[in-house]
Amino acid sequence: MTGFDLTALLAERGGERYELHARHLNHQLPRMLHTIGFDKVYERAQGAYFWDTEGQDYLDMLAGFGVMGLGRHHPVVRKALHDVLDAELPDLTRFDCQPLPGLLAEKLLTYAPHLDRVFFGNSGTEAVETALKFARYATGRGRILYCTHAFHGLTTGSLSVNGEDGFRDGFAPLLPDTALEMGDLDALERELKRGDVAGFVVEPIQGKGVHPAPPGFLRAAQELLHRHKALLIADEVQTGLGRTGDFFAYQHEDGVEPDLVCVAKALSGGYVPVGATLGKDWIFKKVYSSMDRVLVHSASFGANAQAMAAGLAVLSVMEDEQIVAGARHTGDLLRSRLAALVDKYELLHDVRGRGLMIGIEFGRPKSLVLRGRWTMLQAARKGLFAQMVVVPLLQRHRILTQVSGDHLEVIKLIPPLIIGEREVDRFVEAFTAVMDDAHGNGGLMWDFGRTLVKQALQTR
């Protein structure tokens with residue numbers, strides 16, 4: 001009798017990983033990884049660390065773009081998944097009411113007590129799509145407002161409220177939505193007066209560039225929206241579940257109570273994709289207004305038992321291990337230590353963020369030699385200097401980071417929320433060494449920078 005043996009398959013074919021991607025998947029991914037020296041072979045992972053084939057550890061300061069809030073392979077989440085598989089539940093019959101979705105919805109809503117109901121999908125972009133549909137139907141209006149530089153996902157609806165042209169180009173026509181500058185209340189009011197706005201979707205801290213909403217903006221925006229019978233939609237896909245030092249990032253501002261809240265990423269525990277849209281009772285009751293409309297919005301794999309079990313385990317761990325308070329404490333420590341370096345390095349311009357969502361921004365130096373080198377990079381492609389910092393952090397110090405968006409001189413730190421002072425020390429020491437090199441007379445970084453310039457010019 002033959003059977004599928006995953007361990008044997010990986011042992012036999014795992015070494016072909018980059019070739020397989022180049023042949024059968026997005027061929028630009030392995031090309032990019034080879035170019036910047038990120039073509040590592042990681043064998044295992046635990047918590048905030050990876051290990052390569054030589055047994056060297058790597059500190060993860062990226063957390064799968066925020067998915068790995070509890071780090072990798074948390075034992076409580078693993079056990080929950082083993083338990084739910086062993087239970088052999090009659091999952092996804094579509095015509096019954098299993099307990100796990102109700103239990104997870106009940107628990108999630110305790111963190112947003114002004115909201116009443118939850119829709120479960122499979123990803124962040126699905127959570128946003130749900131919010132867009134619900135807002136349009138509940139208000140009877142068609143237009144959604146969003147912020148320039150926003151990122152809300154890459155499916156067609158969420159792409160329509162994506163503020164980055166690089167993602168939108170070539171995929172028109174999109175939905176007729178309108179971009180505003182973050183913090184521009186006059187523009188918001190001007191658009192609302194047209195009477196066709198269903199809602200305003202906003203990240204309390206923009207992932208692209210790590211830009212928090214200005215103080216008071218969300219509260220004032222909410223008041224304007226409600227005055228014009230439109231909805232406030234908070235995209236907490238990356239900022240939610242403790243990332244910024246509160247369970248939701250909108251909770252940093254008193255009195256802000258969004259009508260719809262989108263979550264995903266860390267709710268999965270890093271195992272089973274899950275997205276959730278939390279909303280007010282009256283919105284859900286408008287969408288699902290009769291038995292004829294019971295399936296008007298649904299997802300084939302939404303609320304599956306494995307995803308629900310993972311979500312429940314994640315929330316339990318967050319409470320038992322005081323993850324939110326830990327993220328606030330560690331984030332304040334990391335940000336303060338990095339901010340203390342701004343006066344030391346002229347290439348370092350700003351350190352900002354909340355909790356364990358931190359942006360490190362670089363800018364034009366004052367000294368003549370450094371300014372010449374900086375100008376060389378900027379002429380080739382904006383964002384190359386930040387990439388020059390990311391690469392030696394990995395190559396020399398075994399720390400995984402990445403830039404916060406294309407053509408930005410900003411590195412975004414979104415590590416697992418379980419990191420502590422040991423990881424802060426390791427990152428700050430490594431970052432200091434890289435910046436020392438960048439400000440030196442020679443510097444390996446600038447040699448690498450010249451290589452990046454050549455490659456950038458070749459791809460134009």
Side-chain angles (χ1 to χ4, degrees), residues 5-75 77-78 269-271 330 334 356 360 384 386-403 411-438 440 442-452 455:
D5 188 333
L6 179 63
T7 302
L9 179 63
L10 287 173
E12 180 186 356
R13 304 287 306 278
E16 303 173 38
R17 61 191 71 196
Y18 287 96
E19 292 81 0
L20 288 167
H21 275 258
R23 284 199 304 269
H24 304 302
L25 299 167
N26 179 352
H27 64 289
Q28 295 292 0
L29 176 60
R31 183 186 177 199
M32 180 270 288
L33 294 172
H34 291 316
T35 298
I36 64 174
F38 270 47
D39 48 350
K40 303 293 183 182
V41 177
Y42 301 113
E43 279 202 330
R44 64 185 182 91
Q46 181 67 47
Y49 291 90
F50 309 110
W51 285 265
D52 64 16
T53 52
E54 297 176 354
Q56 296 187 106
D57 70 337
Y58 292 75
L59 173 59
D60 179 16
M61 296 294 283
L62 192 61
F65 295 124
V67 170
M68 303 295 178
L70 299 183
R72 284 168 169 78
H73 307 301
H74 194 286
V77 184
R78 286 187 62 174
Y271 281 102
T330 306
L334 177 56
L356 282 170
I360 304 172
L384 282 182
Q387 197 67 62
M388 280 172 52
V389 176
V390 163
V391 170
L393 281 173
L394 182 71
Q395 297 286 14
R396 293 182 224 157
H397 303 280
R398 304 194 310 279
I399 298 176
L400 179 63
T401 59
Q402 197 45 263
V403 296
I411 293 174
K412 179 167 63 177
L413 304 182
I414 44 172
L417 304 181
I418 59 170
I419 68 166
E421 293 187 15
R422 181 180 70 163
E423 287 75 25
V424 170
D425 288 342
R426 177 167 172 175
F427 181 81
V428 173
E429 289 170 9
F431 182 75
T432 300
V434 171
M435 294 306 290
D436 282 342
D437 182 46
L444 296 172
M445 276 184 63
W446 297 105
D447 292 336
F448 176 70
R450 282 187 282 272
T451 301
L452 285 180
Q455 291 166 344

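Hydrogens, waters and symmetry mates are skipped; everything else that's a heavy atom, side chains included, is used.
Using a 4.5 Å heavy-atom cutoff, the side chains of Gln395 and Lys40 are in contact. With contacts defined as side-chain heavy-atom distances shorter than 4.5 Å, the pair Met435/Ile360 does not qualify. Between Arg396 and Asp437 the shortest side-chain heavy-atom distance falls below 4.5 Å.
Across every non-hydrogen atom of Ala22 and His27, the tightest pair is O-CB, 3.5 Å. Looking at every heavy atom in both residues, Ala430 comes nearest to Ile399 through CB-CD1, 3.5 Å. Closest heavy-atom contact between Val424 and Thr330: CG2-CG2, 3.7 Å. Counting all heavy atoms, side chain and backbone alike, Pro416 lies closest to Leu356 at O-CD1, 4.0 Å.
Applying the 6.0 Å contact sphere to OH of Tyr42 captures more than 12 heavy atoms from other residues, nucleotides or ligands.
With sequence neighbours excluded, the residues satisfying side chain to side chain contact (heavy atoms under 4.5 Å, CB included) with Val390 are Phe38, Gln387, Thr401, Gln402, Val403, Ile411. Thr432 meets the side chain to side chain contact (heavy atoms under 4.5 Å, CB included) test with Leu341, Lys344, Tyr345, Val428, Asp436; sequence neighbours excluded.
One finds the CD atom of Glu43 at 8.0 Å from the CG atom of Asp52 (value rounded to the nearest 0.5 Å). Within the model, atoms NE2 of His34 and CD1 of Ile36 stand 11.5 Å from one another, a figure rounded to the nearest 0.5 Å. One finds the CD atom of Gln28 at 11.0 Å from the CG atom of Leu33 (value rounded to the nearest 0.5 Å). Summarising the geometry, atom CZ belonging to Arg44 is positioned 9.5 Å from atom CG belonging to Asp57; distances are rounded to the nearest 0.5 Å.
With hydrogens and angles ignored, the 3.5 Å screen pairs no side-chain donor or acceptor of Glu429 with any backbone N or O of Arg426. For Glu423 (side chain) and Ala48 (main-chain N/O), no donor-acceptor pair under 3.5 Å exists by modelled atom type. Not one N or O on the side chain of Arg78 forms a donor-acceptor pair closer than 3.5 Å with the backbone of His73.
Ion pair Asp60/Arg72 flagged as a salt bridge, since at least one NZ, NE, NH1 or NH2 atom sits closer than 4.0 Å to an Asp/Glu carboxylate oxygen.
The aromatic rings of Tyr49 and Trp51 sit tilted relative to each other, their planes meeting at an angle between 30° and 60°.
Counting only residues at least two apart or in different chains, side-chain hydrogen bond (donor to acceptor under 3.5 Å, both in side chains) contacts with residues 10-19 comprise Arg13-Glu16.
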